[in-house]
Engineer: 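First the structure, then my questions, so here it is.
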Amino acid sequence: MNSSRFSSPSPVAAAALALGLVVLSFIGGYGYGVGIRKKAPDGTTITPGATPKPEKSPPEVKGLRAAPNDQYVALTAVYDQSRLAARVIVDLKSGTATEAQSPIGWQDYITQWSADSRKILFERERIPRPVADATAGLYAAPMASKTGQTATPAEPELLTQGVDVPGEKIIAGFWTPKGNLVLKTRREPKSLWEISPNGQRLVDRAGVNFQQHRAVIEKGKTVFYTVRDVPGDGGIAALFRVVDGKATRLSDDLSGALWVYLEERARYMTVCRQGEGGDWQWMVYGVGAQGAKLLKTATVPGDIVAVYWSPEGKHILGAGGDSLWIVDVPSLQARRLTSRTDWKADDACWLNKEEAVLVAARGVLHKVALSGATRELWRFSDVYWR
């Protein structure tokens, strides 16, 4: 008789062995497709072969604007895969916020604060999702009214109601230092219109595009500095000074410029062109009523995606990439503001009375001093993480 090293178990013994393995598999966390249990980032238990719980995405922040008094910051939050949006005003002293939801399928992009820090200007525009019944245009929203400890967002006022811009569609706007509303239109040729108690008037026209515009007060009069297309020159831009509807050219052709940024009070202009090795070539001009003078040309890091001028015009915050950068004007010397290299900031702005900036990144609002000191001011609640 042939013999084996191990004899076959009886049916009863085999059944008992199988039951024991099942029990051990559940106790030890292995076998029968259960696998070793692990913890997900949110603390829940996951197992091999199971579909992991998707990470929640933070809201995207747009239109981050600090009030002139530095007490408040306003922002637009777009969330839930760009289906929903809200206007948010954060009290920087208390760390509390008031929130006003935009109509479904619309976003209210914050444009500007009023000079007295009591109202915000925003552009209501559609986002490519199913929409609620609402009216596009420019709105002014007063600060929230407070009853005890509760702040209630005030109803916004539609400023473009009844404004007649023949054959054109309004897409953006801003307030002049005197509080008049300036409107920019979409179709070509684009145009700027100023709305005042005396009616509306045409400020300037661009054949294809306005790249930048600032309104300043000179000798008691509102003067506009605009970067726009040179008439009949194939879309090449230049800087113009516009007074009472008359435009005077201040700069040479800005050919090859990827973007142009005017400092808030139109004292400097920065022109960006493509550099070598992924960096940028910047040119900074001094701007005056008689013309624009080239002051400096330098290479700056390609990590700078968005540009924010400081209130006094001596620094530029460069953001949008991995790092935060400070570029001095007019030397164009650049340095990292912090050692952190994973910012990927949504938006940023300068405070008006401090040497510090506000940075929105991954659902958190940070305050960063020019010394590099950083602290968290406020973060979105779970409602915005979808």
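Residue numbers start at 1 and run along the sequence shown.
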Engineer: How about W113 and N69: do any of their side-chain heavy atoms sit closer than 4.5 Å?
Structural biologist: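 No; the side chains remain at least 4.5 Å from each other.
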Engineer: Could you tell me whether the side chains of Q107 and T76 share a donor-acceptor contact shorter than 3.5 Å?
Structural biologist: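 Result is no, nothing qualifies.
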Engineer: Hey, what do you get for CE (M269) to OH (Y225), rounding to the nearest 0.5 Å?
Structural biologist: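 The distance works out to 11.5 Å.
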Engineer: How close do V242 and A247 get, heavy atom to heavy atom, and via which atoms?
Structural biologist: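 Nearest heavy atoms, V242 then A247: CG2-CB, 4.0 Å.
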Engineer: Go through T341 and R336 one step at a time and tell me if the side chain to side chain contact (heavy atoms under 4.5 Å, CB included) criterion holds.
Structural biologist: CA-CA 9 Å; T341 57; R336 275 193 175 90; 4.2 Å; yes
Engineer: Hey, does V182 have a side-chain heavy atom less than 4.5 Å from the side chain of F224?
Structural biologist: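 A side-chain contact under 4.5 Å exists here.
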Engineer: Working to the nearest 0.5 angstrom, can you tell me the gap between L138 CG and D108 CG?
Structural biologist: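 One finds 11.0 Å between CG of L138 and CG of D108.
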Engineer: Aromatic rings H366 and W343: how do their planes relate, parallel, tilted or perpendicular, breaks at 30° and 60°?
Structural biologist: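 It falls in the perpendicular class, over 60°.
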Engineer: How long is the gap from OH on Y139 to CD on Q161, to the nearest 0.5 Å?
Structural biologist: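 Those atoms lie 8.5 Å apart.
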Engineer: If you count every heavy atom of other residues, nucleotides or ligands that lies below 6.0 Å from E355 atom CD, does the total exceed 12?
Structural biologist: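 At most 12 heavy atoms, drawn from other residues, nucleotides or ligands, come within 6.0 Å of this atom.
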Engineer: Would you compute the distance between atom CD of Q274 and atom CH2 of W280 and round it to the nearest 0.5 angstrom?
Structural biologist: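 Rounded to the nearest 0.5 Å, the CD-CH2 separation comes to 5.0 Å.
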Engineer: Ignoring hydrogens and geometry, is there a side-chain-to-backbone donor-acceptor pair from W106 to A132 under 3.5 Å?
Structural biologist: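 Answer holds: yes.
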Engineer: Between W350 and H315, what is the ring plane arrangement, given parallel below 30°, perpendicular above 60°, and tilted in between?
Structural biologist: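 If you compare the ring of W350 with that of H315, the planes turn out parallel.
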Engineer: Are any non-hydrogen side-chain atoms of T135 and R124 less than 4.5 angstrom apart?
Structural biologist: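 T135 vs R124: side chains apart.
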Engineer: How long is the span from the CG atom in L181 to the CH2 atom in W193, to the nearest 0.5 Å?
Structural biologist: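 Between L181 CG and W193 CH2, I get 13.5 Å after rounding to 0.5 Å.
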Engineer: When you measure from the side chain of T374 to the backbone of G372, do you find a donor-acceptor pair of N or O atoms at a distance under 3.5 Å?
Structural biologist: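 Side chain of T374 to backbone of G372, a donor-acceptor pair under 3.5 Å: yes, one is there.
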Engineer: Looking at side-chain heavy atoms only, is the closest gap between T160 and L158 below 4.5 Å?
Structural biologist: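 Side chain of T160 against side chain of L158, heavy atoms only: contact under 4.5 Å found.
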Engineer: Do R340 and D342 sit within salt-bridge range, that is, some charged N less than 4.0 Å from a carboxylate O?
Structural biologist: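 Salt bridge between R340 and D342, a charged N being under 4.0 Å from a carboxylate O: yes.
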Engineer: Are W325 and V300 grouped together when hydrophobic residues (ILVMFWY) are joined by side-chain heavy atoms under 4.5 angstrom apart?
Structural biologist: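 Same cluster.
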Engineer: Step through the shown structure and confirm whether more than 12 heavy atoms of other residues, nucleotides or ligands are within 6.0 Å of CG on D252.
Structural biologist: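 Not more than 12 within 6.0 Å, no.
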Engineer: Under a 3.5 Å distance rule, please check whether D229 uses its side chain to pair with a backbone N or O of V208 as donor and acceptor.
Structural biologist: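 Yes.
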Engineer: Within the distance-only criterion (no hydrogens, no angle test), does the side chain of E218 pair as donor or acceptor with the backbone N or O of V223 below 3.5 angstrom?
Structural biologist: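 Between the backbone of V223 and the side chain of E218 there is no qualifying donor-acceptor contact (under 3.5 Å).
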Engineer: Please say whether more than 12 non-hydrogen atoms of neighbouring residues, nucleotides or ligands are located less than 6.0 Å from CD in E312.
Structural biologist: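 Count over threshold, so yes.
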Engineer: Pair E123, K184 - check salt bridge (charged side-chain N to carboxylate O under 4.0 Å, His left out), show working.
Structural biologist: CA-CA 11 Å; E123 302 160 10; K184 184 171 76 171; over 6 Å; no
Engineer: Compute both the distance and the angle, then confirm whether R386 meets the cation-pi test with Y79: under 6.0 Å from the six-membered ring centre, within 45 degrees of the axis.
Structural biologist: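 No - R386 does not lie over the ring of Y79 by the 6.0 Å and 45° rule.
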Engineer: With a 6.0 Å cut-off (strictly less than), is the heavy-atom count around CZ of R118, excluding the residue itself, greater than 12?
Structural biologist: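 No, because the 6.0 Å sphere around CZ of R118 holds 12 heavy atoms or fewer from other groups.
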Engineer: Quick one: do E194 and K178 make a salt bridge, cutoff under 4.0 Å?
Structural biologist: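 Looking at E194 and K178, the cut-off is not met.
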Engineer: Would one find more than 12 heavy atoms of other residues, nucleotides or ligands at under 6.0 Å from atom NZ of K119?
Structural biologist: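 Counting neighbours around NZ of K119, 12 or fewer heavy atoms of other residues, nucleotides or ligands fall under 6.0 Å, so no.
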Engineer: Do you know the tightest heavy-atom contact between P59 and D346?
Structural biologist: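 Between these two residues, the closest heavy atoms are O-OD2, 3.6 Å.
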Engineer: Cut-off 3.5 Å, side chains only: do T226 and D204 have a donor facing an acceptor?
Structural biologist: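 Looking only at side-chain atoms, D204 and T226 do form a donor-acceptor pair, the distance falling under 3.5 Å.
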Engineer: Considering residues, nucleotides and ligands other than E376, do more than 12 of their heavy atoms fall under 6.0 Å from its CD?
Structural biologist: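 Result for CD/E376: enclosed.
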Engineer: What I want to find out is whether D70 reaches K353 closely enough, with some N-O distance under 4.0 Å, to be called a salt bridge.
Structural biologist: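 No, no charged N to carboxylate O under 4.0 Å.
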Engineer: Once you round to the nearest 0.5 Å, how far does CZ of R65 lie from CG of L75?
Structural biologist: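 The CG atom of L75 is 10.5 Å from CZ of R65, to the nearest 0.5 Å.
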